[in-house]
Amino acid sequence: MLKIENLHVSYGGISALRGVNMTIEDNKIVTLIGANGAGKSSTLRAIMNLVKKEGTITQDGEDISAMKTMDIVKRGIALVPEGRKVFANLTVEENLILGAYTRTDKAAILKEMNNIYELFPRLKERLWQKAGTLSGGEQQMLAVGRAMMLKPKVLMMDEPSLGLAPLLVKDIFAIIKEIHRQGNTILLVEQNAKKALEIADYAYVLETGSLVLEGTGAELLVHERVKAAYLGEA
Ligand code: ATP
């Protein structure tokens, strides 16, 4: 279980997160929704210790707040950052192999690669292609695949559906469900609130740096405030 307590982040004196508390239970899909600039990415970056923060983050009771990002990754927490950050000059296969940099068991790594090819047949077709020449959607899939190569306990994804064509959006949410079914805990940041809430066990709504609502995905899908602000159903 990942627990975030009283998380504050500010950039040059401007406050981006003001006392956020969240619990991400094992084997759940938890989603964090909110408008542009609400602080969603900052939350994920704070968990990875990529930004200066105040507050406490614990994993299974152990304080990881001050750990180096690399050590947090080694503890099984992985982030797929927003914006398809793949290594453009490396091939698809090289990107995936690099994803496994914390692991040494070759057989297990190969097994995971095969699992990824099953989830993303498009990547399998393009193993030798330079990642920078993949389409946007394919790069997004590669970014998710690369994070999976770490075999993380907790996979955090920052707007995986951003900029994808509707059919691919459907695919990516189906894939997130499948990754979850394989035993991963998922923390999903999304602007596509409807799709995110539909697959979420639990969800939080962030507005200008503070959580304003939380509940099961099903509860928030029918909540008036969520419907009006995030589902376009005033
Ligand atoms: P989006 O959906 O647009 O990606 P978000 O909810 O993920 O937004 P954040 O990226 O966490 O929001 O940003 C929260 C606030 O902090 C915004 O006002 C943003 O401009 C600001 N911010 C984020 N990173 C920095 C930075 N490195 N320096 C200064 N301000 C920043």
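For reference, positions follow the sequence shown, starting with 1. Just so you know, ligand 1 is whichever comes first in the structure, and atom 1 is the first atom listed for that ligand.
- Exactly one of I64, T69, I57 qualifies for a side chain to side chain contact (heavy atoms under 4.5 Å, CB included) with N49. That residue is T69.
- Under a 4.0 Å N-O distance rule, the pair K195/E198 does not qualify as a salt bridge.
- In terms of protein heavy-atom proximity, atom 2 (O) of ligand 1 is closest to K40 NZ, 2.8 Å.
- Taking all heavy atoms of A38, S42, A46 into account, the minimum distance to atom 13 (O) of ligand 1 is reached by S42.
- Protein heavy atoms are absent from the 4.0 Å sphere centred on atom 20 (O) of ligand 1.
- Looking at atom 29 (C) of ligand 1, its nearest protein heavy atom turns out to be Y11 CB, 3.3 Å.
- For atom 25 (C) of ligand 1, the nearest protein heavy atom lies closer than 4.0 Å.
- Counting heavy atoms from C-beta on, the side chains of Y230 and V205 come closer than 4.5 Å.
- The part of E159 lying near ligand 1 is the side chain, judged by heavy-atom distances below 4.0 Å.
- With respect to R225 and E207, a salt bridge is recorded, a charged nitrogen being found less than 4.0 Å from a carboxylate O.
- The distance criterion of under 3.5 Å between nitrogen or oxygen atoms is met by G37 with respect to ligand 1.
- The ligand atoms of ligand 1 that sit less than 4.0 angstrom from a heavy atom of A35 are 6 (O).
- Of the N and O atoms on the side chains of Q129 and T133, at least one donor lies less than 3.5 Å from an acceptor on the other residue.
- Close approach to N36 involves these atoms of ligand 1, each under 4.0 Å from a residue heavy atom: 1 (P), 2 (O), 3 (O), 8 (O).
- Close contacts of ligand 1 with A16, meaning ligand atoms under 4.0 Å from a residue heavy atom, involve 15 (C), 16 (O).
- Among all protein heavy atoms, the one lying closest to atom 4 (O) of ligand 1 is E82 OE1, 3.3 Å.
- Here L142 contributes atom CG and F87 contributes atom CZ; the two are 10.0 Å apart, rounded to the nearest 0.5 Å.
- Residue contacts with ligand 1: G39 is included, with a non-hydrogen atom under 4.0 Å away.
- Tested against M22, the residues I47, L7, I4 include a single side chain to side chain contact (heavy atoms under 4.5 Å, CB included) partner, I4.
- The residues E118 and K124 are annotated as not salt-bridged, no charged nitrogen and carboxylate oxygen being separated by less than 4.0 angstrom.
- For Q140 (side chain) and S161 (main-chain N/O), no donor-acceptor pair under 3.5 Å exists by modelled atom type.
- Per-residue contacts place Q191 under 4.0 angstrom from the following atoms of ligand 1 (heavy atoms of the residue considered): 2 (O).
- Counting the atoms of ligand 1 from 1 in the order shown, those under 4.0 Å from a heavy atom of S41 are 4 (O), 5 (P), 7 (O), 10 (O), 11 (O).
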